[in-house]
Amino acid sequence: MICVDNEPFNMVKRSGFNKLMSFVKPQYKMPGRKYFTETVIPQMYTELKTKIMSTLETVTAVSLNSDIWTCSHNNESFISFTSHWISDDFKQQHCTLNVRHFPGRHTGFAIKNILEKLLNEWNLAGKIHLLIYDNGAKMKKGVDDASLDSFGCFLHTIHLFVTESIKNQKSVQDLLVRPRKVSSHFHHSSSATDKLKLIQIYQGIQLKMIQDICKSLREVPRGTLRF
């Protein structure tokens, strides 16, 4: 349940959850957080990793994609490592092999080292058909230094192209200045926000004002007033 629903380990200490469990199974004694972090989850990880490695041993060619990002909640950096392959019955398969903490400077040398470490850990050396990566210069250098056949993400390339094109259009940037100021005003003024809510109540709508963000329209939540 913790893994499938991505719940925190401390859920086993929550009073509401324990009341539910005492009602469903009064005889069951809920283990502590430490039992899950040091016993259950590591055992599940080992069993699943063994199963995946056994499957990958039968695969002749694997394609990979990797990305580096910083978590907005704790400002820590991570690198992902996902594999893709075609099964014997010609069905597409994929599996996330690692989402690993990646501290320190993300130099080309550091990226090369962690990629090689991950490849060796999963016994994938010599099986890589292609690695897809974002278009960061350091990521590209790391992949090239690791001597992997690779290609930059096409969607990321298009995203960069569109973003930079907008930035280079002064008329567009000038056009965005005013709505950004309006949005910032409502974010920093509770009285203005209350008045906006009151106006919307009379009009039978309820939308929130946010800053412009680099996302497709289908990613913007419903009930969002976008500027």
Does any non-hydrogen side-chain atom of [Y] lie less than 4.5 Å from one of [X]?
| X | Y | answer |
| --- | --- | --- |
| M30 | K25 | no |
| W122 | I52 | yes |
| L97 | T82 | no |
| W85 | S63 | no |
| K138 | I111 | yes |
| K141 | T107 | no |
| K117 | N113 | no |
| L119 | L64 | yes |

**Request:** Apply side chain to side chain contact (heavy atoms under 4.5 Å, CB included) to T70 and F102, showing your working.
**Result:** CA-CA 9 Å; T70 300; F102 192 15; over 6 Å; no
[Y] backbone acceptor or donor facing [X] side chain under 3.5 Å:
| X | Y | answer |
| --- | --- | --- |
| T193 | S189 | yes |
| S66 | S80 | yes |
| H187 | S183 | yes |
| T39 | F36 | no |
| S83 | C95 | yes |
| S22 | P26 | no |
| Q173 | N168 | no |
| T58 | T55 | yes |
| H188 | S184 | yes |

Around atom [atom1] of [X], are there more than 12 heavy atoms from other residues, nucleotides or ligands closer than 6.0 Å?
| X | atom1 | answer |
| --- | --- | --- |
| Y35 | OH | no |
| M53 | CE | yes |
| K112 | NZ | yes |
| K49 | NZ | yes |
| N75 | CG | no |
| Y45 | OH | yes |
| D88 | CG | no |
| Y28 | OH | yes |

Atom pair [atom1] ([X]) and [atom2] ([Y]), whose distance is rounded to the nearest 0.5 Å:
| X | Y | atom1 | atom2 | value |
| --- | --- | --- | --- | --- |
| Q93 | L56 | CD | CG | 10.5 Å |
| F186 | K195 | CZ | NZ | 9.0 Å |
| L155 | L160 | CG | CG | 11.0 Å |
| K170 | L175 | NZ | CG | 11.5 Å |
| K13 | R33 | NZ | CZ | 10.0 Å |
| H156 | I132 | NE2 | CD1 | 13.0 Å |

**Item:** side chain to side chain contact (heavy atoms under 4.5 Å, CB included) between H106 and I68, worked out
**Value:** CA-CA 9 Å; H106 298 161; I68 301 173; 3.6 Å; yes
Taking atom types as modelled and ignoring hydrogens, do the side chains of [X] and [Y] form a donor-acceptor contact shorter than 3.5 angstrom?
| X | Y | value |
| --- | --- | --- |
| H101 | E76 | yes |
| Q43 | E47 | yes |
| H129 | D149 | no |
| N135 | T157 | yes |

Identify the two heavy atoms, one from [X] and one from [Y], that lie closest to each other, and give their separation to 0.1 Å.
| X | Y | value |
| --- | --- | --- |
| M1 | E7 | O-CG, 4.2 Å |
| L131 | L148 | CD1-CD1, 3.8 Å |
| S150 | D144 | OG-OD1, 4.0 Å |
| F17 | V12 | CD2-CA, 4.3 Å |

**Prompt:** What's the verdict on salt bridge (charged side-chain N to carboxylate O under 4.0 Å, His left out) for R100 and E121, showing C-alpha distance, side-chain angles and the deciding distance?
**Reply:** CA-CA 13 Å; R100 181 159 296 185; E121 179 180 333; 2.9 Å; yes
**Message:** Quick one, Q200 with L207, criterion side chain to side chain contact (heavy atoms under 4.5 Å, CB included). Give me CA distance, side-chain angles, the key distance, then yes/no.
**Reply:** CA-CA 8 Å; Q200 291 188 94; L207 302 176; 3.3 Å; yes
Under 4.5 Å between side-chain heavy atoms, counting indirect links through other Ile/Leu/Val/Met/Phe/Trp/Tyr residues: same cluster for [X] and [Y] or not?
| X | Y | value |
| --- | --- | --- |
| I41 | L48 | no |
| V172 | F161 | yes |
| L115 | F151 | no |
| V40 | I2 | yes |
| M11 | M21 | yes |

**Item:** Test salt bridge (charged side-chain N to carboxylate O under 4.0 Å, His left out) applied to K127 and E57, step by step
**Value:** CA-CA 10 Å; K127 288 188 175 183; E57 286 179 359; over 6 Å; no
**Request:** Apply side chain to side chain contact (heavy atoms under 4.5 Å, CB included) to the pair N65 and H84, showing each step before the final yes or no.
**Result:** CA-CA 8 Å; N65 64 274; H84 305 263; 2.6 Å; yes
